[in-house]
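First up is the structure itself, then whatever we jot down about it.
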Amino acid sequence: MELIFEKGAKGRGLSILPKNELAPVDFGCHSREKELNLPQMSENELSRHYTQLAKRSRGVNDGFYPLGSCTMKYNPKINESIAGLAGFSKIHPMQSQHTTQGCLKVLKKAEEALCEITGMDGMTFQPAAGAHGEFTGLLLIKAYHLSRGNVGRKKIIVPDSAHGTNPASAVMAGFEVVNIPSTKEGIVDLDALRDAVGEDTAGLMLTNPNTVGIFDKNILEITDIVHEAGGLNYYDGANLNAIMGQVRPGDMGFDVIHLNLHKTFATPHGGGGPGSGPVGCKAFLAEFLPGCQVAGEEELYFEKPKHSVGKVKAFYGNFLVVVKALAYILNLGCDGIAEASQNAVLNANYMAKKLMNLYDIAFEGNWMHEFVMSLEELKKKTGVSAMDIAKGLLDYGIHPPTMYFPLIVHEALMVEPTETESRETLDRAIEVFEKLYDQAQKEPEKLHNAPVSTPVGRPDEVKAARHPILRYSFE
Amino acid sequence: MGSYVVSTKEEQQAMLKEVGLESMDQLFSEIPEKVKLNKQWKLPEGISEMEVMNIMEELAGENKVFSHIFRGAGAYAHYIPAIVKSVTSKEEFVTAYTPYQAEVSQGILQSIFEYQTMICELTGMDVSNASVYDGATAAAEAAAMCLQRKKNKILVSRTCHPDVIEVMKTYCYGNGTEFQVVPEKDGHTDLEALKQLLTSDVAGFYVQQPNYYGILEDYETMGRLVHEAKGNYIMGCNPISLAVLKTPGEYGADIAVGEGQPLGMELGFGGPYLGFMAATKEMMRKLPGRIVGETQDKEGERAFVLTLQGREQHIRREKASSNVCSNQALCALTASVYMAAMGKSGMQEAARQCASKAHYLQKSLEEAGLTLKYSQSFFHEFLTETPVAAAQILDALEEKGYLGGLPLGDREILWCATEKNTKQEIDDLVEIVKEVCQTWN
């Protein structure tokens, strides 16, 4: 398809602004000399261009999207309408606080509700995404140890099944990463953990249920081991959709958590953002929270925590995303939230149980909201890889599961159906998985060539990386 | 209770039966009994969509929506062309995930590629990433790109936005980087102090164009000084101003970043906004986050993919250049549509009108009794000293529906005008200010 720069013609354009009624300003030596190439096209051309691009994109609205660890649930429309209200969207972040009481109330209500859901005492909405939340949460752990004079607590323990952001965030927060292996049941190896902790332990980062979809039944022992060694427990909230309304991280021994409002709380992913990654903590860490916290009863105001680690983002975070999440929480309430996690887990188990006859499912057991299939055996037998099956799904209009993650499962496909899918959708997906399994035995080469019905076939990624073309050239 | 679960209670029971269970509770049998959530938790019960709308409308109603805005300081009220919202509310864009599956994500990938091109054009740099969270985190990520074994100090000018300085400081606290603020002198960076501070361990220096007070500084000299000290030169820029002002590329910057909010994003009480980041070719592999590249499929059809992923956290884990995963993709799309709708001439016109109106506002306010604090040339913001308490002026304006400038001290106000403000609006504002000054002085 043509790029926007290959459309339109010189002199075309929209008429957006009125004539300047005031004297021009000469910037002298500060003036731009370099030519500025931007599209010159009519509104009709522009509108059609983006409609074409939309047709070559795929969202949850287009169909089943069982992308593991991403919680691609339906994004309720009312939340978009609410975030679009002028009383939220047209508020300047530096207005005086008596003119933004509604915004402060949103932050306060969202903090109260999410603290109740997670068992935390305080929460910041500054972080813009999950990874940003991890970095922020780790800064709280760092500030806590330093405030007690524990300069030697420099190590963060991360299981080998963790999201890649965990170790990356730990390094950004100045920690060394200690990777520990999982057991053959896919959960934390308690002996390995006991060996890893010590006087240099700053904390542990854990997702529970973990990235293979298993709830770690030793969770209380795990968090105890870390606490007894003087470390803190960090909960990666990426998988909270499995347990919200059933159990709270705060009751399982976690001291700091981040949430992904764009996963668990139904705000849309926008093709990769904006998200929102609020960080919650126990009371003893609240004095280190970044930015400002909402305080006050009648008249609300912002207050900087006593020993704040400093802002991690300008202003107060991705506020309009918080607005959407609050609307979702109000709508569901305590009963709706528990119902959501129940059905997220039920749907995953339903799919897993029906697929386990054909596909190997890693770490058989009680799956929670997602499960991981290993196509290692299938690949050995037929040459058809996880990638091939994933691409085959595209020809049936199903978005593939997360591929090749977690790293501890070979030829992994991680499936997370979410609670907002019907039984028919799951049945159809199961049927497609069965067909693809069959095809892998009979016509493996067809799967190597899939997809065939999409706007383009498999792109040459090696070429893209070896000879990077990262922008359009006007020459 | 509201719910987006599809299955009815009966369907749920039938599905439970098929997986060999009798109750939902059995799905959670691995959770230790003693921590299972008591049914009496304090979250209220769910309510209907209509009730949610009523509550949220009431909350929105407790905020004051100003129809006349003369405040900037990092968030700017610009006119947003109608097409911007129409495009960015398309559900295919809104409800998609990060474009991992290139074959069904060509639309989003191409839109990012086009965004990267426009950011390169605007900044005069070679390569752009697909965005980060906002201007402040972009500055912090840019600083991290400059670090080397023997260069572990970051310098920032005091004339930058205070939130940007603070966020950079927090990130430096995180990874143990030395952080120092270069003092200001008469509204611009103190060049003598900068010279002194540019020691051999300086990895990078960050400065803002225009600076926090709206002023255009001597970016040429600063760039030269930084490069003489073998450090990297990072410029933070207002993207609209770049349509008419000399680009970071022309000033020899190694990295250009900025707050992309002026490019079609709502004020939204501070977010979501957009951090744009562009760099020279030499620094390409140090850029954080997603980058889209052009390639082909087997048939030779043009195709786009996420590329250079060897930098990223999901491949490199603790050795990644950054932990960025989700970025601000929909905001990057917003910026693209905005720039495409405005076009070259529209962008330049917006920038020129910002400057024209701000300068007219400044002259009119001086006639009303305020004085310009710094005399250097400015873009669309400027700092004045007030003959009466700043609060008196701002309160009077607020009463009439005007959001005046930001008070920076008891008798200092930082004003901003954009293309959105009309001459009439400015004249009316100045009348109110004049009256306050005459009454109280």
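The chains referred to below are lettered A, B, ... by the order of the sequence lines, with proteins before strands, and numbering in each begins at 1.
A:I469 has its side chain out of reach of B:T307: every pair of non-hydrogen atoms, C-beta onward, lies at least 4.5 Å apart. The closest side-chain heavy-atom distance from A:D62 to B:E92 is below 4.5 Å. Between A:V25 and B:R352 there is no side-chain heavy-atom pair separated by less than 4.5 Å. A 4.5 Å side-chain heavy-atom check between B:Q106 and A:M1 finds every atom pair outside the cut-off. Counting heavy atoms from C-beta outward, B:V52 and A:I78 have side chains that approach closer than 4.5 Å. Two residues are said to be in side-chain contact when any heavy atoms from C-beta on lie closer than 4.5 Å; B:K298 and A:R458 fail this criterion. Looking at heavy atoms from C-beta onward, A:M172 lies in side-chain contact with B:N323 at the 4.5 angstrom threshold.
With a 4.5 angstrom heavy-atom cutoff, B:Q12 touches chain A via backbone and side-chain atoms both. The parts of B:L245 that come within reach of chain A are both its backbone and its side chain, each placing non-hydrogen atoms under 4.5 angstrom from that chain. Within the 4.5 angstrom heavy-atom criterion, atoms from both the backbone and the side chain of B:V337 approach chain A. Only the side chain of A:K391 comes within less than 4.5 Å of a heavy atom of chain B; its backbone N, CA, C and O stay farther away.
Comparing A:G333, A:S57, A:P268, A:P451 by heavy-atom pairs within less than 4.5 Å of chain B, the highest count is held by A:S57. With chain B as partner, the option from A:A464, A:A128, A:A129, A:C29 having the largest number of non-hydrogen pairs under 4.5 angstrom is A:A464. The greatest number of non-hydrogen atom pairs below 4.5 Å with chain B, out of A:T454, A:T100, A:N61, A:D251, is found for A:N61. Interface remark: of the candidates A:G130, A:A83, A:G310, A:G310 forms the most heavy-atom pairs closer than 4.5 Å to chain B. In terms of heavy-atom pairs under 4.5 angstrom with chain B, the leader among A:F405, A:Y472, A:F319 is A:F319.
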Checklist line | A:K90 and B:I69: CA distance, side-chain angles, deciding distance, side-chain contact (heavy atoms from CB on, under 4.5 Å) verdict | finding: CA-CA 10 Å; A:K90 301 210 179 292; B:I69 298 178; over 6 Å; no
Notebook entry, point to check: Does the pair B:E18 and A:K353 meet the rule for a side-chain contact (heavy atoms from CB on, under 4.5 Å), with working shown?
Noted result: CA-CA 9 Å; B:E18 284 199 48; A:K353 288 262 160 73; over 6 Å; no
Item checked: Full working for side-chain contact (heavy atoms from CB on, under 4.5 Å) between B:M53 and A:S81 -> CA-CA 9 Å; B:M53 186 50 107; A:S81 312; 4.0 Å; yes
Checklist line | Criterion side-chain contact (heavy atoms from CB on, under 4.5 Å) on B:F304 and A:L3, from CA distance to verdict | finding: CA-CA 11 Å; B:F304 299 93; A:L3 287 165; 3.8 Å; yes
Next item on the list: Could you walk me through whether B:Q296 and A:K463 pass the side-chain hydrogen bond (donor to acceptor under 3.5 Å, both in side chains) test, one step at a time?
Entry: CA-CA 8 Å; B:Q296 292 175 327; A:K463 184 180 172 187; 3.1 Å; yes
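Between A:F215 and B:F28, the gap from one ring centroid to the other reaches at least 6.0 Å. Remark: aromatic rings of B:F269 and A:Y316 are close, center separation under 6.0 Å.
Side chain of B:R71 to backbone of A:M94: a donor-acceptor contact under 3.5 angstrom is found. The main-chain N or O of B:T95 is never found under 3.5 Å from a side-chain atom of A:N75 such that the two would form a donor-acceptor pair. The main-chain N or O of A:P459 is never found under 3.5 Å from a side-chain atom of B:T295 such that the two would form a donor-acceptor pair. Here the side chain of B:T170 pairs a donor or acceptor atom with the backbone of A:K311 at under 3.5 angstrom. Using modelled atom types, one side-chain atom of A:R32 and one backbone atom of B:L242 make a donor-acceptor pair closer than 3.5 Å. In this structure a side-chain-to-backbone donor-acceptor pair under 3.5 Å is present from B:D163 to A:F315. Using modelled atom types, one side-chain atom of A:N331 and one backbone atom of B:I47 make a donor-acceptor pair closer than 3.5 Å. A donor-acceptor pair is defined here as one N or O able to donate and one able to accept, closer than 3.5 Å; no such pair exists between the side chain of B:Q116 and the backbone of A:R471. In terms of modelled atom types and a separation under 3.5 Å, the side chain of B:E250 and the main chain of A:E33 share a donor-acceptor contact. Proximity of a side-chain donor or acceptor of B:E30 to a complementary backbone N or O of A:D216 within less than 3.5 Å is not detected.
If you take CG on B:N63 and CD on A:Q101, they are separated by 8.5 Å, rounding to the nearest 0.5 Å.
Figure legend: A:K142 and B:Y173 shown as a cation-pi pair, the cationic atom lying under 6.0 angstrom from the six-membered ring centre and within 45 degrees of its axis.
For A:D460, the salt bridge (charged side-chain N to carboxylate O under 4.0 Å, His left out) test picks out no residue, with sequence neighbours left out. In this structure A:H92 satisfies the ring-ring contact (aromatic ring centres under 6.0 Å, His included) test with no other residue, sequence neighbours excluded.
Taking the six-membered ring for Trp and thresholds of 30 and 60 degrees, A:H132 and B:Y171 have ring planes inclined between 30 and 60 degrees apart. In this structure, A:Y74 and B:Y4 have tilted ring planes: the angle between them lies in the 30° to 60° band.
A:K105 has a carboxylate O that lies under 4.0 Å from a charged side-chain N of B:E62, or vice versa, which qualifies the two as a salt bridge.
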